[in-house]
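Have a look at the structure below before the remarks.
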Amino acid sequence: VSVLERQIFDFLGYQWAPILANFIHIIIVILGLFGTIQYRPRYITGYAVWLVLWVTWNVFVICFYLEAGDLSKETDLILTFNISMHRSWWMENGPGCTVTSVTPAPDWAPEDHRYITVSGCFLEYQYIEVAHSSLQIFLALAGFIYACYVVKCITEEEDS
């Protein structure tokens, strides 16, 4: 449910890399559930391996929004594959945010985008994105532990 909510907000912000990662995650979760129901340890092992990659992706997203190292949420369009200039949906629609259009728009601003300023947010958008990724990491760690336990139980059952 948490990743579906995240998928919706990534779609609203046209962030294509997270949309793709979320979609793959949803598919792998379905396969992991299928493997659990059908007692297929290979599916569950694949799910556990994916969770390691999922945690890595979410750590990258956290580093991206907190601008760790050379990453910059203002200039890099990594999450949109440089297809569009969209940003996080939470940037304009966060709790308490007031959006003001700037007129006239600067010369460098694309014609098909409005130039805005955002102020008065109770919680900055990067912290909302970090909270989403942190929740995903927590859920992935719990899922990884569960997957390892289920694989252990299934393989012990097959041995006896």
Side-chain angles (χ1 to χ4, degrees), residues 1-97 99 113 118 121-160:
V1 173
S2 174
V3 78
L4 290 174
E5 175 263 342
R6 187 175 179 184
Q7 181 79 321
I8 290 168
F9 289 113
D10 287 341
F11 261 119
L12 291 172
Y14 298 103
Q15 294 186 308
W16 301 114
I19 289 168
L20 181 62
N22 294 335
F23 179 73
I24 292 170
H25 183 68
I26 291 167
I27 298 299
I28 299 294
V29 167
I30 291 169
L31 288 174
L33 290 171
F34 176 76
T36 302
I37 292 168
Q38 295 292 319
Y39 297 102
R40 309 260 177 135
R42 286 187 182 180
Y43 283 37
I44 303 168
T45 303
Y47 170 71
V49 169
W50 168 254
L51 289 178
V52 172
L53 297 173
W54 184 243
V55 167
T56 304
W57 166 255
N58 282 289
V59 168
F60 166 75
V61 170
I62 289 171
C63 291
F64 178 79
Y65 280 109
L66 295 180
E67 296 184 327
D70 290 333
L71 296 172
S72 173
K73 67 183 179 301
E74 299 300 326
T75 57
D76 292 341
L77 298 174
I78 294 170
L79 299 181
T80 61
F81 293 136
N82 289 333
I83 294 173
S84 64
M85 292 189 60
H86 292 85
R87 301 273 192 251
S88 172
W89 181 83
W90 294 105
M91 183 178 198
E92 296 179 31
N93 302 294
C97 291
V99 178
H113 283 73
V118 180
C121 297
F122 297 128
L123 187 62
E124 296 293 324
Y125 74 97
Q126 62 265 23
Y127 300 121
I128 295 172
E129 295 286 355
V130 166
H132 276 124
S133 290
S134 300
L135 175 63
Q136 291 301 316
I137 290 172
F138 174 75
L139 294 173
L141 293 175
F144 183 82
I145 292 168
Y146 172 73
C148 292
Y149 174 73
V150 169
V151 167
K152 178 183 170 280
C153 289
I154 290 173
T155 54
E156 282 179 358
E157 235 178 66
E158 288 177 355
D159 291 342
S160 60

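Keep in mind the model is a prediction, meaning the values are calculated, not measured. Counting from 1, the numbers follow the sequence of the chain as shown. Just the heavy atoms: all of them, side chains too, but no hydrogens, waters or symmetry mates, feed the values below.
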Exercise for review: Tell me, please, which residues at least two apart from Glu124 pass side chain to side chain donor-acceptor pair (under 3.5 Å).
Suggested key: none

Between side-chain atoms of residues 28-52 and protein atoms elsewhere (two or more places apart, or another chain), which donor-acceptor pairs fall under 3.5 Å?
residue, atom, partner, partner atom, Å
Thr36, OG1, Gly32, O, 2.9
Thr45, OG1, Pro41, O, 2.7
Trp50, NE1, His25, ND1, 2.8

Point to revise | Heavy-atom side-chain contact between Arg6 and Ser133 under 4.5 Å | key: yes

Exercise for review: Could you check if a side-chain atom of Tyr125 sits within less than 4.5 angstrom of a side-chain atom of Tyr65, using non-hydrogen atoms only?
Suggested key: yes

Review point. Is it the case that more than 12 heavy atoms not belonging to Tyr127 sit under 6.0 Å from its OH atom?
Key: no

Point to revise | Nearest heavy-atom neighbours spanning Val3 and Asn22 | key: CG2-OD1, 3.8 Å

Distance-only check: which donor-acceptor pairs under 3.5 Å involve side-chain atoms of residues 135-154, not counting sequence neighbours?
residue, atom, partner, partner atom, Å
Gln136, OE1, Trp54, NE1, 3.3
Gln136, NE2, Ser2, OG, 2.6
Lys152, NZ, Glu156, OE2, 3.2

**Study point:** Nearest-0.5 Å distance, CD1 of residue Ile26 to CD of residue Gln7
**Key:** 5.0 Å

Exercise for review: Any chance you could measure Ile24, atom CD1, to Ile27, atom CD1, to the nearest 0.5 Å?
Suggested key: 9.0 Å

Check your understanding: Rounded to the nearest 0.5 Å, how far apart are NE2 of His132 and CZ of Phe9?
Key -> 6.5 Å

